[in-house]
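Here the structure is a predicted model, which is why all the values come from computation and not from measurement. Basis for what follows: all heavy atoms, side chains included, without hydrogens, waters or symmetry-related copies.
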Amino acid sequence: WRPFADRPFSWSDLRDGTANSNAEGDYLVDFRLSPRIGLRYLQVNQTFRSNSGGVDYEHDAGVAALILGALIEVEIDTRPVLPLVRSIAIEAGGTVSPLLAGGSGYLSSIEASLRAYLTPNASIALGFRLQGTSFTSEEYERVGSVMGLVGGVSLRF
């Protein structure tokens, strides 16, 4: 859903969006609310060793999950202020992924990022992601999360 675009949905009728366009026809502000649907596979291989007790435990678990979530993106044309950067996009989203195979439970994630688009479809990104797990696979149980900074280059099509 893109309420400031010429077509809020891809099947919507074309409407006049000249008030939200620059001289090149790009949007000054674009807001997107997108669903996230997909599949995720997580492979965990853990080894626990006790130097004093001589206890060794190794487990290898793989689970598949259905991704359900949403992503919000606000993109602003920055060329009048920053000529080298076409636009800045702020994204935030989250998913909950019930397990389909390999065990029972769910995976989850929350993320936010800032993207600087140098071309219409290529950006440099910096963000934060929190990924959580809560599942049981045979005799193995995993409850926990991993979080941290993420960065890189992204391409959109």
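- The backbone N or O of V85 sits less than 3.5 Å from a side-chain atom of T78, completing a donor-acceptor pair.
- Identified under the ring-ring contact (aromatic ring centres under 6.0 Å, His included) test for residues 62-112, with sequence neighbours left out: none.
- L130 and L42 fall into different hydrophobic clusters, where Ile, Leu, Val, Met, Phe, Trp and Tyr side chains are chained together by heavy-atom contacts under 4.5 Å.
- Listed by chain and residue number, nothing satisfies the side-chain hydrogen bond (donor to acceptor under 3.5 Å, both in side chains) test with E73 (two or more places apart in sequence, or in another chain).
- For E111, the salt bridge (Lys or Arg N to Asp or Glu O under 4.0 Å) partners two or more places apart in sequence, or in a different chain, are R36, R129.
- Residues that satisfy the side-chain contact (heavy atoms from CB on, under 4.5 Å) test with I76, not counting sequence neighbours, are V74.
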Next on the checklist: Using the rule given for side chain to side chain contact (heavy atoms under 4.5 Å, CB included), can you reason through Y117 versus T119, listing the C-alpha separation, both sets of side-chain angles and the distance that settles it, and then say yes or no?
Outcome noted: CA-CA 5 Å; Y117 283 92; T119 71; over 6 Å; no

I'd like a table of donor-acceptor pairs (distance under 3.5 Å, sequence neighbours excluded) in which one partner is a side-chain atom from residues 59-68, with atom names and distances.
{"unit_1": "H59", "atom_1": "ND1", "unit_2": "E139", "atom_2": "OE2", "d": "3.4"}
{"unit_1": "D60", "atom_1": "OD1", "unit_2": "Q43", "atom_2": "NE2", "d": "2.5"}

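- With sequence neighbours left out, the salt bridge (Lys or Arg N to Asp or Glu O under 4.0 Å) criterion links D77 to R79.
- Hydrophobic cluster membership for L126: none, as no Ile, Leu, Val, Met, Phe, Trp or Tyr side chain comes under 4.5 Å of it.
- In this structure, the separation between CG on L107 and OH on Y41 is 11.5 Å, given to the nearest 0.5 Å.
- Not counting sequence neighbours, the partners of E91 by the side-chain hydrogen bond (donor to acceptor under 3.5 Å, both in side chains) test are S113, R115.
- When hydrophobic clusters are built by joining Ile, Leu, Val, Met, Phe, Trp and Tyr residues whose side-chain heavy atoms come closer than 4.5 Å, directly or via intermediates, V81 is grouped together with L114.
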Next on the checklist: For R2 and D30: C-alpha separation, side-chain torsions, deciding distance, then whether side chain to side chain contact (heavy atoms under 4.5 Å, CB included) applies.
Outcome noted: CA-CA 7 Å; R2 297 174 70 189; D30 195 9; 2.4 Å; yes

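- Among residue pairs with one or both ends in residues 66-98, none qualify as ring-ring contact (aromatic ring centres under 6.0 Å, His included); sequence neighbours excluded.
- A donor-acceptor contact closer than 3.5 angstrom is absent between the side chains of S104 and T136.
- Applying the side-chain hydrogen bond (donor to acceptor under 3.5 Å, both in side chains) criterion to S109, with sequence neighbours excluded, gives T95.
- The shortest heavy-atom contact between G102 and S137 is O-OG, 2.8 Å.
- Atom-to-atom distance recorded for L155:CG and S123:OG is 7.5 Å, nearest 0.5 angstrom.
- L82 and L118 end up in the same hydrophobic cluster when Ile, Leu, Val, Met, Phe, Trp and Tyr side chains are linked at under 4.5 Å.
- Taking S97 as the reference, nothing meets the side-chain hydrogen bond (donor to acceptor under 3.5 Å, both in side chains) condition, with sequence neighbours excluded.
- Between the CZ atom in R40 and the CG atom in L100 there is a gap of 12.0 Å [rounded to 0.5 Å].
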Without placing hydrogens or testing angles, list every side-chain donor-acceptor pair under 3.5 Å for residues 140-153, not counting sequence neighbours.
{"unit_1": "Y140", "atom_1": "OH", "unit_2": "Q46", "atom_2": "OE1", "d": "2.4"}
{"unit_1": "R142", "atom_1": "NE", "unit_2": "T133", "atom_2": "OG1", "d": "3.3"}

